[in-house]
Amino acid sequence: MSPVSYRKSTYSNPEHECVEVAINHPHAIAIRDSKRPTGPTLHVTPTAWTAFLTTLHTRTGHIPVTA
């Protein structure tokens, strides 16, 4: 299995809220704080991630990056 590869959200502020997302984790989307790479991670199903992004788009009008 290849290592999980995180990418920083384009909406992250490099000095404050820094969210990283990994979409190559088997059966899940992994989310972590980039300032704490060895800290806890949140894992959600691809279906839950899509619903989250859809909700963000609906409420903000921004087109989020999809998984």
Side-chain angles (χ1 to χ4, degrees):
M1 179 191 314
S2 63
V4 176
S5 177
Y6 285 89
R7 62 184 166 87
K8 189 175 288 191
S9 167
T10 57
Y11 291 99
S12 288
N13 179 326
E15 296 178 19
H16 300 297
E17 292 81 28
C18 300
V19 176
E20 292 181 330
V21 177
I23 60 173
N24 69 326
H25 192 280
H27 312 291
I29 306 300
I31 306 160
R32 71 179 183 186
D33 180 345
S34 66
K35 294 184 298 297
R36 297 181 60 205
T38 60
T41 59
L42 173 66
H43 293 88
V44 297
T45 65
T47 301
W49 182 247
T50 299
F52 173 70
L53 294 179
T54 299
T55 300
L56 284 178
H57 174 66
T58 300
R59 293 185 182 189
T60 66
H62 292 271
I63 300 173
V65 176
T66 58

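Lys35 and Cys18 make their closest contact through NZ-N, 3.9 Å (heavy atoms, listed as atom of the first residue, atom of the second, distance). Across all their heavy atoms, Arg32 and Pro40 have their closest contact at CB-O, 4.2 Å.
Results of the side chain to side chain contact (heavy atoms under 4.5 Å, CB included) test with Tyr6 over Thr41, Val21, Ile31 single out Thr41 as the only residue that passes.
Counting heavy atoms from C-beta on, the side chains of Val4 and Asn24 come closer than 4.5 Å.
Between atom CD1 of residue Ile29 and atom CZ of residue Phe52 there is a gap of 12.0 Å, rounded to the nearest 0.5 Å.
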